[in-house]
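What you see below is based on every heavy atom in this structure, not just the backbone, and it leaves out hydrogens, waters and symmetry mates.
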Amino acid sequence: MNVERLTEITGADFFTGVPDSQLKALCDHLFQKYGTDPRHHIIGANEGNCAAIAAGYHLATGKVPVVYMQNSGQGNMINPMASLLSDKVYGIPCLFIVGWRGEPGIHDEPQHVYQGKVTLKLLEDMDIQAFVIGKDTAEDAVSRKMEDFKKLLERGKCAAFVIRKGALQYDKKAVYKNAYRMTREEIIRRVAEVSGKDPVVSTTGKASRELFEIREARGQGHSRDFLTVGSMGHASSIAMEIAIQKPDRKIWCLDGDGAALMHMGAMAVIGASSPKNLVHIVMNNEAHETVGGMPTVAAKVDLSGIAKACGYGKAVCVGDFESLDRELRRAKLGSELTFIEVKCAIGARADLGRPTTTPVQNKDWFMESLKG
C-alpha cells in the first residue's frame with residue numbers, strides 16, 4: 001500500500017513515534033513532509049513518551065493523533081495506554097500504526113519472536129481493536145476499516161493498524177546524514193583494543209552486530225561480550241549492576257544516543273550508584289540508524305553534561321580518534337565512573353552480518369567468563 005494514501009486515510013495531521021525499520025516508508029514520508037516540525041511530527045524518546053505527547057495534542061486540539069512504533073515498543077506503551085488513554089480513565093482517542101516484527105511464520109531475529117507472537121493479543125487485552133495490513137491488503141479495505149475506527153475514536157477509544165513486513169511503499173527516499181567522520185565500527189574496534197579482556201555490554205542494533213564481527217575477525221570468541229540484542233535503552237543498567245557486583249573488573253558499556261535517550265533516567269541511577277569501574281560510552285550519531293536513520297534529539301542535547309550532572313565522576317565528549325584513544329586509555333587506567341560521548345557518522349557496511357550465536361549461548365558464555 002502507498003504510505004501517502006495511508007496517511008491520507010487516517011485524516012491526521014499530527015504524528016509522533018519511535019522509528020521502526022518495518023515502518024521505514026512511513027518514517028521517510030513523514031520526514032519528507034514535516035521534518036521535525038513539532039506542530040505536526042515529533043520523534044519521541046520512547047513509546048510511552050509518544051502516548052503522552054499524543055494526549056497533549058488531543059487535549060489542545062480535540063483532534064485524533066497518530067502514534068507509530070515497532071511492536072517491541074508495546075511494553076513502553078502499556079502503562080499510558082491503560083492509565084491515561086483508556087476510555088476507562090480519560091478516554092483520549094489515539095490511532096496507532098504498529099510495525100509487526102516477529103510475526104509468526106515470518107523469519108526474524110530472536111529478540112522479536114516472542115513479542116511478535118503476542119502483538120495482537122496485547123492489543124486485544126488493552127481493548128484496542130486492530131486491523132492487519134499486508135502486501136495484498138486493498139486500499140478500499142483500509143478505508144472501510146478507518147470508517148469503523150472513527151466510530152471507536154469518537155467514543156474515546158483507541159485503534160491500531162498493524163503493518164506486516166513489506167506492506168508499505170514510498171517512492172521517495174529520505175537522506176539522513178550528519179557532519180561527523182568517525183565510523184561506529186572503527187570506534188568499537190578501538191574500544192575492543194583498549195578494553196582487552198574486560199567484559200563489554202553492548203546496546204541493541206548495529207553496535208552489537210559490529211562488535212560481534214570484530215571479535216570474529218580477530219578470532220577472540222564472544223565470551224567477554226553481552227550483546228543486548230533487545231531491550232533498547234537498558235544496556236547501561238545491565239552494565240551498572242555487573243560493575244557493582246564485580247568491583248575488581250573494569251566493565252565497558254557501548255551505548256547509542258537513541259538508546260540513552262529512551263531511558264535517560266538510568267543515567268541518574270548510575271550516577272547515584274557510582275560504580276568506579278564502569279565506563280559508559282555513548283556513540284552519538286544523532287540518529288535511529290539501525291531502523292532507518294531518522295534523527296534523535298541528541299543533536300540538541302549535551303549528553304556528557306547530563307552525565308556529569310547525574311553524578312558521573314568524569315564525563316567528556318570527543319570528536320576525533322586522537323581524543324577518543326586518549327580518553328579510552330585514561331578510562332582503562334582510571335578508577336572513577338566515566339562517561340565518554342563520541343560523535344560519530346551515520347552509516348554501516350552494506351555486508352554487516354548478524355550474530356550467529358543464540359542469546360542463551362551468549363548469556364551462558366558471558367556468565368562463565370565473569371566467574372574468571
Side-chain angles (χ1 to χ4, degrees), residues 1-37 40-44 47 50 54 64-74 94-109 112 115-116 119-120 123 128-150 159-177 205-206 258 287-296 346-348 350-352 354:
M1 180 177 186
N2 181 277
V3 74
E4 293 174 278
R5 279 295 297 136
L6 175 62
T7 58
E8 288 172 4
I9 288 169
T10 68
D13 66 356
F14 180 80
F15 300 79
T16 181
V18 177
D20 169 39
S21 57
Q22 205 101 311
L23 301 177
K24 190 175 188 308
L26 174 65
C27 294
D28 285 351
H29 168 56
L30 294 176
F31 191 74
Q32 291 273 31
K33 185 173 182 178
Y34 299 120
T36 53
D37 179 351
H40 297 287
H41 182 216
I42 294 179
I43 301 170
E47 294 78 6
C50 295
V64 177
V66 172
V67 172
Y68 62 88
M69 62 180 179
Q70 186 182 110
N71 55 342
S72 61
Q74 286 178 291
C94 184
L95 179 66
F96 297 102
I97 299 180
V98 183
W100 195 358
R101 295 295 303 269
E103 179 185 355
I106 305 296
H107 176 73
D108 212 324
E109 300 306 305
H112 295 298
Q115 185 73 51
T119 292
L120 297 180
L123 291 170
I128 296 175
Q129 188 178 130
F131 181 77
V132 177
I133 298 177
K135 292 180 180 180
D136 300 324
T137 304
E139 184 181 301
D140 287 349
V142 178
S143 296
R144 290 194 299 272
K145 181 49 66 174
M146 189 64 216
E147 291 303 312
D148 293 339
F149 281 173
K150 285 178 181 177
F161 286 122
V162 178
I163 311 299
R164 286 185 162 131
K165 185 176 182 179
L168 299 182
Q169 289 83 45
Y170 184 54
D171 295 335
K172 302 173 187 177
K173 185 176 182 180
V175 177
Y176 307 104
K177 59 183 179 179
K206 290 181 180 177
H288 287 284
E289 186 193 335
T290 296
V291 290
M294 285 185 82
T296 69
I346 296 174
D351 62 348
L352 179 63
R354 297 180 183 274

Supply the atom-to-atom distance [X] [atom1] to [Y] [atom2], rounded to the nearest 0.5 angstrom.
X: N71; Y: M69; atom1: CG; atom2: CE; result: 8.0 Å
X: L23; Y: H29; atom1: CG; atom2: NE2; result: 13.0 Å
X: L30; Y: T7; atom1: CG; atom2: OG1; result: 7.0 Å

- Message: Looking at E103 and R164, is any side-chain nitrogen of the basic one under 4.0 Å from a carboxylate oxygen of the acidic one?
- Response: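 So R164 pairs with E103 through a salt bridge.
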- Query: Does E8 pair with R5 as a salt bridge, N-O distance under 4.0 Å?
  - Reply: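 So E8 pairs with R5 through a salt bridge.
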[X] side chain to [Y] backbone, donor-acceptor under 3.5 Å:
X: T16; Y: C50; answer: no
X: Q74; Y: T119; answer: yes
X: Q22; Y: W100; answer: yes

Ignoring hydrogens and angles, write down the donor-acceptor pairs under 3.5 Å from the side chains of residues 170-177, residues two or more places apart or on other chains.
from: Y176; atom 1: OH; to: D28; atom 2: OD1; distance (Å): 2.8

- Item | Partner residues of Y34 under the ring pair (Phe, Tyr, Trp, His ring centres under 6.0 Å) criterion, sequence neighbours left out |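 For Y34, the residues satisfying ring pair (Phe, Tyr, Trp, His ring centres under 6.0 Å) (neighbours in sequence not counted) are H40.
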- Residue among F161, F96, F131 satisfying ring pair (Phe, Tyr, Trp, His ring centres under 6.0 Å) with F149: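 Passing option: F161.
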- Message: Using a 6.0 Å cut-off, check whether atom CG of D37 has over 12 heavy atoms from anything other than its own residue.
- Response: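 Above 12, so yes.
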